[in-house]
Student: 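I'd like to ask some things about the structure below.
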Amino acid sequence: MIDLKYFQANFDEVASKLSKKKVTTEALEALKIAFAKLKEANNAFENCKAEQNMLSKEFGEMMKNKQDTTELKAKVDGNKITLNELQEIAREANTRLEELALNIPNIPDNSVPFGIDENDNIELRKVLEIPKFDFKPKEHWELCNDWIDFERGVKLAKSRFSVLKGDGARVERALINYFLDHNRTKGFHEFGLPLLNNAAMLQGTGQLPKFEDDLFKIEDEGLYLIPTAEVPLTNLYHDEIIDAKELPLLMTAYTPCFRKEAGSAGRDTRGIIRQHQFDKVEMVAIAHPSQSEEIFEMMVDNASELLTLLGLPHRVVELCGGDLGFSAARTIDLEVWLPGQNQYREISSISNTNEFQARRAKIRYKEDGKNSFVHTLNGSALAVGRTLVAIMENYQNEDGSIDIPEVLKKYLN
RNA sequence: CGGGAGAUGGUAGAGCGGUUGAAUACACCGGUCUUGAAAACCGGCGAGGGUCAUACCUCCGGGGGUUCGAAUCCCCCUCUCCCGGCCA
């Protein structure tokens, strides 16, 4: 949620920044009007309510003194009718405002480059040389049929589900352990989390109400399968006030993630790049605003280091405004080299949402007796399935066998 | 899934229709005292909105109702605890 008071006072500035995210001025005008209306409606209601409270007290006094209250009763009853009307107006104004405000994305940082889509993203650096093959490298689905069983995954569920078996499953598990162990050395505390979260939590991190179609929902429970561990990790502190001395809170968790992938029909239909269910190890930081920049860089470096230690070539990319997600003020993606596809593919996305999620999820810190919103950050470290793909493609041999990266060997005996 | 009890500030725990945002205790923060600490004493100590600041408004799990007036009465929902069934 954007800061409405700031928005109101700095309309042009916010509108200009949000244009990077393709938010129209009309949408913002509507928000501005709704906000003004709410204030007006609240004002009217509160004044009337104050009057009512006063009359009520008076009534109590008269009762105590056994005075005649008929006249006052008539007055109070009359006021009550207007009071109820004003309350209804205020409620509607509030509903309307929320409807609009919850659908406005976060304001991009000043440093975010202008751009329409991923083609306008800016490559910051490349890490590790792209490997040379003296044969034509295969894509991961052409490789190693004994690691992934696509057909049976579809049989068990539907398309975009798959089964890992044997060494595939073991390498997957090794990766999870490697990621978590490594994150721990950077100060991240590990969590095991519910994979079903309620609507309030998903609204807190920004998936709801706008992106309901992307989520798997358990209808009769009002619960959603998490699309990322960012949701439960960040919301661990939902509606809490944290002592500033405790910040930053660094958290990590392995979870499966579930996404409907509505709207990506036809994209990445082969292989396990884009599945309805995939494993991910996530980092989340809850930070004091003064720390968030530094922590953001640390998280990017950490994810990059995970890839480097695996010997996987990758590049670091700053997202342009048009490619930024709903909640993000700034995002850096890590893209890993896939020799079979002959291109870089996203394997991690690290975002700073500043106060955006904190406002929605009411996560505050207390410092010198004052409460303020924290900054929340999140990033993959790393997407496990895609790392598996990267290993398969980068470590493949001509005979189709796959070598194991050095750092994983201790996890595989 | 069936039966019972309950949901109040960081925690414990009063309040059961009237000026109570809420006693009390503990925790916590500041001060006095002390070489320092502890103890003792004094003071502060929920959140949101509103205002230059006050006024003022909202919140006692959530929603609705009764009433001039509700933390207090009624209804629904959610959650927690205890008993029974089922089960990893």
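Just so we're on the same page: letters track the sequence lines, and every chain starts at 1. Atom set for the values below is all heavy atoms of this structure, side chains included, hydrogens, waters and symmetry mates excluded.
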Student: Quick one: is A:Lys80 getting a side-chain N or O under 4.0 Å of the B:rG69 phosphate, OP1 or OP2?
Tutor: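 Yes, such a contact exists.
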Student: Between A:Arg125 and A:Glu335, is the closest basic N to carboxylate O distance under 4.0 Å?
Tutor: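 Salt bridge flag = no for A:Arg125 with A:Glu335.
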Student: Counting the atoms with a prime plus P, OP1 and OP2 as sugar-phosphate, which does A:Glu58 contact under 4.0 Å by heavy atoms, base, sugar-phosphate, or nothing?
Tutor: nothing
Student: Specify the residue among A:Glu51 and A:Arg364 whose closest nucleotide of RNA chain B lies further upstream toward the 5′ end.
Tutor: A:Arg364
Student: Starting from C1' on B:rG46, measure out to CG on A:Asp243 and report it in whole angstrom.
Tutor: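 Going from A:Asp243 (CG) to B:rG46 (C1'), I get 15 Å.
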Student: A:His375 and A:Phe296: ring pair (Phe, Tyr, Trp, His ring centres under 6.0 Å), yes or no, with the steps?
Tutor: CA-CA 11 Å; A:His375 281 197; A:Phe296 181 74; over 10 Å; no
Student: Nearest whole angstrom, please: distance from the C1' of B:rC29 to the CD1 of A:Ile241.
Tutor: 16 Å
Student: In Watson-Crick or G-U wobble terms, both distances under 3.5 Å, what is the partner of B:rA7?
Tutor: B:rU78
Student: Considering only the P atoms, how many Å lie between B:rA7 and B:rU58, rounded to the nearest integer?
Tutor: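 My reading of the P atoms in B:rA7 and B:rU58 gives 24 Å.
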Student: Can you tell me the Watson-Crick or wobble partner of B:rC52, both distances under 3.5 angstrom?
Tutor: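 With both distances under 3.5 Å required, B:rC52 matches none.
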Student: For B:rG9 and B:rA27, measure between their C1' atoms and round to the nearest Å.
Tutor: 13 Å
Student: Without decimals, in angstroms, what is the distance between A:Leu83 CG and B:rU67 P?
Tutor: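 Nearest whole value for this atom pair: 15 Å.
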Student: Against the six-membered ring of A:Phe11, is A:Lys32 placed for a cation-pi contact (under 6.0 Å from the centre, within 45° of the normal)?
Tutor: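 Yes.
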Student: Grab the NZ-C1' distance between A:Lys39 and B:rG50 for me, whole Å please.
Tutor: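 One finds 9 Å between C1' of B:rG50 and NZ of A:Lys39, rounded.
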Student: How many whole angstroms separate atom CG of A:Asn198 from atom P of B:rG62?
Tutor: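 Spelled out: CG on A:Asn198 to P on B:rG62 is 15 Å.
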Student: Taking for each residue the nucleotide of RNA chain B with the nearest heavy atom, is it A:Phe59 or A:Lys49 whose nucleotide lies nearer the 5' end?
Tutor: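 Looking at the nearest nucleotide for each, A:Lys49 comes out on the 5' side.
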Student: Considering only atom C1', compute the distance from B:rG63 to B:rC79 and round it to an integer number of Å.
Tutor: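 Their C1' atoms lie roughly 15 Å apart.
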Student: P atom, B:rG64 versus B:rA70: distance in rounded Å?
Tutor: 14 Å
Student: Within the 4.0 Å heavy-atom criterion, would you say A:Asp77 contacts the bases, only the backbone, or no part of the nucleic acid?
Tutor: sugar-phosphate
Student: Looking only at side-chain N and O atoms, does A:Arg91 come under 4.0 Å of OP1 or OP2 in B:rG64?
Tutor: yes
Student: Check this for me, if you would: do A:Arg345 and A:Asp268 make a salt bridge, where the nitrogen-to-carboxylate-oxygen distance has to be below 4.0 angstrom?
Tutor: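 A salt bridge is present here (some side-chain N lies under 4.0 Å from a carboxylate O).
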Student: Provide the distance between the two C1' atoms, one in B:rG65 and one in B:rA14, to the nearest whole Å.
Tutor: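 About 27 Å, rounded to a whole number of Å.
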Student: Scan A:Asn47 against the nucleic acid and name what it touches under 4.0 Å (heavy atoms): base, sugar-phosphate only, or nothing.
Tutor: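 Nothing, no nucleic acid heavy atom in range.
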Student: Does B:rC41 pair with anything, Watson-Crick or G-U wobble, both distances under 3.5 Å, and if so, with which nucleotide?
Tutor: B:rG31
Student: To the nearest angstrom, how far is A:Leu55 atom CG from B:rU67 atom C1'?
Tutor: 15 Å
Student: Ignoring the backbone of A:Gln52, work out which of B:rG50, B:rC68, B:rC56 is nearest its side chain.
Tutor: B:rC68
Student: Hey, are A:Arg259 and A:Glu261 close enough for a salt bridge, meaning a charged N less than 4.0 Å from a carboxylate O?
Tutor: no
Student: Ignoring hydrogens and angles, are the base of B:rU58 and the side chain of A:Glu46 linked by a donor-acceptor pair under 3.5 Å?
Tutor: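 Side chain to base: no pair below 3.5 Å.
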Student: For B:rC45, does either OP1 or OP2 sit under 4.0 Å from a side-chain N or O belonging to A:Lys366?
Tutor: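 Answer no for this pair, as no side-chain N or O of A:Lys366 is under 4.0 Å from OP1 or OP2.
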Student: Atom CG of A:Asn53 and atom P of B:rC68: how far apart are they, to the nearest Å?
Tutor: 15 Å
Student: If I pick the P atom on B:rA39 and the same atom on B:rA22, what distance separates them, to the nearest angstrom?
Tutor: 29 Å
Student: For A:Asp220 and B:rC1, give me the distance from atom CG to atom P, rounded to whole Å.
Tutor: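 Result: 10 Å.
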Student: May I ask you to decide whether A:Glu240 forms a salt bridge with A:Arg364, counting only side-chain N to carboxylate O separations under 4.0 Å?
Tutor: no
Student: Taking only the C1' atom of each, what is the distance from B:rC74 to B:rC16 in whole angstrom?
Tutor: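 Looking at atom C1' only, B:rC74 and B:rC16 are 14 Å apart.
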Student: If only side-chain N and O atoms of A:Lys362 are considered, is one of them under 4.0 Å from the OP1 or OP2 phosphate oxygen of B:rA47?
Tutor: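 No, because none of the side-chain N or O atoms of A:Lys362 sits under 4.0 Å from OP1 or OP2 of B:rA47.
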Student: Where does the angle between the aromatic ring planes of A:Phe356 and A:Phe326 fall among parallel (under 30°), tilted (30 to 60°) and perpendicular (over 60°)?
Tutor: perpendicular
Student: With a cut-off of less than 4.0 Å, is there a side-chain N or O of A:Lys73 near OP1 or OP2 of B:rC68?
Tutor: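 The answer is yes; a side-chain N or O of A:Lys73 sits under 4.0 Å from OP1 or OP2.
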Student: Between B:rC76 and B:rG6, how far is it from one P atom to the other, in whole Å?
Tutor: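 The same atom, P, in both gives a distance of 16 Å.
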Student: Base, sugar-phosphate or nothing for A:Asn371? Non-hydrogen atoms, less than 4.0 Å.
Tutor: sugar-phosphate
